[in-house]
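One structure below.
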Amino acid sequence: MYKPSSPRSRLLACGLAATIAVGTVAAPVAASASAPTSASAAAGFDDGVQKSLDGLIGKEFPGALASVRDTGGRVTGYTAGVGNLETREEVPADGRVRIGSNTKTFVATVVLQLVGEGKIELDGPVERYLPGLVRGKAGDGRRITVRQLLQHTSGLPNYTRYMHQDFFKIQHRYVEPRDMIDVALRHKASFGPGKGWEYSNTGYLLLGLVVQKVTGRPIAEEVTRRVIDRAGLRDTYWPGVGDQTVKGPHPRGYTVRKPKGEFVDITTMDPSWGGAAGQLIGTPNDLNTFFLALLDGKLLRPAQLAEMKKTVKAPGFPEGWRYGLGVVKMKLDCGDTAWGHGGDIDGYETRNAATTDGRATAVAVTALPTSEAGVLKVIKVVDDALCGTE
């Protein structure tokens, strides 16, 4: 797991966890109205996105994949590197990956739907839904609001900061959300409710419990019914209890084992520790479909979408980025504004964003960056793709 005090983790605030071989470059995959399909690479093929994705492959990332959608709905998929270092198989087009903290936007969408239905009060105290749970030096649920959990302004300690530093020791361990919440509640609050901003996965585990309390159903089921099914996402799912695999076509995910620094396959793992903060599996194309549906008002009523897009400063994020209710507002290099999130979990990093005029880009790499430069390179692929798409 990463240490939040490190420069890398400050930039990777959207992430959940931290923790080479140079592969061959796969051909781009071509466009369709709704999902990428395979196509041959024409001689002399020249595409800026493909070149940018190729440039990610090296000592930090064995494989990469991306999906780009233009304003007309044309979808182009790309792959680079290798999807399996042992077999040298290519990265599958639009393969499934663990999408980490993008899960937060799905959960935030469910919470705001329930706000619109009058079942949750956005500025109501957490205590109303989870009486007596949040108490002590970590914070007081009577003073912390649902909005503050969504926007990372609660001051609650981030539980991933206190997880075992050697992920291999907990790779296959199943945990309940309360286990992780209890870890966080043993530590001191970072600040008083509403008095600052600090990324906290703990808040989203609590939101998962709030949804369960209000609906009487688990957060995984509510996300599936209210968001995944409604948005028509074909390749996104919440792993079931005990499921350590990634179903369907997918590139293998890797992490670095010290001291030698060799890549180790960590695809098979129990993601239960991520819970409502980062457990989902999906594809780049599905991420684009979800964020475009969200921005288009297909998942939230206008009043709740407007609340989601009210942002605050997010220290540690790139310049011009701000945090809303489970979404990030991003200033692109070309001056445009995009909305997205991103996610980091051992084995995979995703960076993604969409614009209100229908453009969207999602990029996934098959290892977490080991340098700040690596983080910025992945972000730049998304930025360049959106700025170069009409």
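Counting from 1, the numbers follow the sequence of the chain as shown.
Of all heavy-atom pairs spanning Thr355 and Leu292, the tightest one is O-CD2, 3.8 Å. Annotation for Val68 and Ala385: closest pair CG2-CB, 4.2 Å, computed over non-hydrogen atoms. Smallest separation of non-hydrogen atoms from Trp273 and Tyr159: O-OH, 2.6 Å. Nearest heavy-atom pair, Leu156 versus Ala138, reported as atom, atom and distance to 0.1 Å: CD2-O, 3.4 Å. The heavy-atom pair separating Phe168 from Val256 by the smallest distance is CE1-O, 4.5 Å. Scanning all heavy atoms of the two residues, the minimum distance from Gly374 to Pro369 falls at C-CB, 4.1 Å.
A donor-acceptor contact shorter than 3.5 Å links the side chain of Thr103 to the backbone of Gln279. Listed for the Thr255 side chain is no donor-acceptor partner under 3.5 Å among the backbone atoms of Asp346. Distance alone, capped at 3.5 Å, places no donor-acceptor pair between the Gln171 side chain and the Asp270 backbone. Thr267 places a side-chain N or O within donor-acceptor distance of the main-chain N or O of Gly253, the cut-off being under 3.5 Å. The backbone N or O of Arg252 lies less than 3.5 Å from no partner atom in the side chain of Asn84, so there is not a single donor-acceptor pair. At distances below 3.5 Å, at least one donor-acceptor pair connects side-chain atoms of Tyr348 with backbone N or O atoms of Pro251. Under a 3.5 Å cut-off, the side chain of Ser272 and the backbone N or O of Val175 do form a donor-acceptor pair. Asn102 places a side-chain N or O within 3.5 Å of a backbone atom of Ile99 that can act as its donor or acceptor partner. A donor-acceptor pair under 3.5 Å is absent between the side-chain atoms of Thr236 and the main chain of Asp286, judged by distance alone. At least one donor-acceptor pair under 3.5 Å links the side chain of Tyr254 to the backbone N or O of Leu85.
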Full working for side-chain contact (heavy atoms from CB on, under 4.5 Å) between Leu122 and Leu325
CA-CA 10 Å; Leu122 187 56; Leu325 303 186; 4.2 Å; yes

Do Thr337 and Lys329 pass the side-chain contact (heavy atoms from CB on, under 4.5 Å) test, and can you show the C-alpha distance, the side-chain angles, and the key distance before you say yes or no?
CA-CA 7 Å; Thr337 296; Lys329 182 180 182 181; 3.8 Å; yes

Passes side-chain contact (heavy atoms from CB on, under 4.5 Å), Leu53 versus Val363? Steps please.
CA-CA 9 Å; Leu53 208 66; Val363 175; 3.9 Å; yes

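A donor-acceptor pair shorter than 3.5 Å cannot be found between the side chains of Tyr129 and Glu127. A donor-acceptor contact closer than 3.5 angstrom is absent between the side chains of Asp70 and Thr389. In this model, no donor atom of one side chain and acceptor atom of the other lie less than 3.5 Å apart for Arg351 and Thr361. With no hydrogens or angles considered, a side-chain donor-acceptor pair links Tyr199 and Lys104 at under 3.5 Å. Side-chain atoms of Thr160 and Asn201 include a donor-acceptor pair closer than 3.5 Å. Between Thr87 and Glu89, the side chains place a donor N or O and an acceptor N or O closer than 3.5 Å (distance only, hydrogens not considered). Residues Glu60 and Thr370 bring a donor and an acceptor atom of their side chains to less than 3.5 Å of each other. For the residue pair Ser52 / Asp54, no side-chain donor-acceptor distance below 3.5 Å is found, with atom types taken as modelled. For the residue pair Asp235 / Asn285, no side-chain donor-acceptor distance below 3.5 Å is found, with atom types taken as modelled.
Proximity of Asp94 to Leu65: side-chain heavy atoms (C-beta onward) are nowhere separated by under 4.5 Å. Tyr237 has its side chain within reach of Arg96: a pair of non-hydrogen atoms, C-beta onward, lies under 4.5 Å apart.
Contacts classified as salt bridge (charged side-chain N to carboxylate O under 4.0 Å, His left out) and involving residues 355-368 (residues at least two apart or in different chains) are given here: Asp336-Arg359, Asp357-Arg359. Every pair tested for disulfide bond (SG atoms under 2.5 Å apart) that includes a residue from residues 258-303 fails, sequence neighbours excluded, so the list is empty. Residue pairs satisfying the salt bridge (charged side-chain N to carboxylate O under 4.0 Å, His left out) criterion with at least one member in residues 187-214, sequence neighbours excluded, are listed as follows: Arg161-Glu198.
Scored by the ring-ring contact (aromatic ring centres under 6.0 Å, His included) test, Phe290 finds Phe106 as partners (sequence neighbours excluded). Applying the ring-ring contact (aromatic ring centres under 6.0 Å, His included) rule to Tyr162 yields the partners His187; only residues at least two apart in sequence or on another chain are considered. Scanning for ring-ring contact (aromatic ring centres under 6.0 Å, His included) contacts around Tyr204 gives His152, with sequence neighbours left out.
With Arg69 as reference, Thr289 is the one residue of Asn288, Thr289, Thr76 to meet the side chain to side chain donor-acceptor pair (under 3.5 Å) rule.
Surrounding CZ of Arg135 are more than 12 heavy atoms belonging to other residues, nucleotides or ligands, all under 6.0 Å away. The local environment of CZ in Arg143 is sparse, with at most 12 non-hydrogen atoms from other residues, nucleotides or ligands closer than 6.0 Å. Counting heavy-atom neighbours within 6.0 Å of Lys331 NZ, excluding the residue itself, gives a total of 12 or less.
Salt bridge present: Arg226 and Glu117 bring a charged side-chain N and a carboxylate O closer than 4.0 Å.
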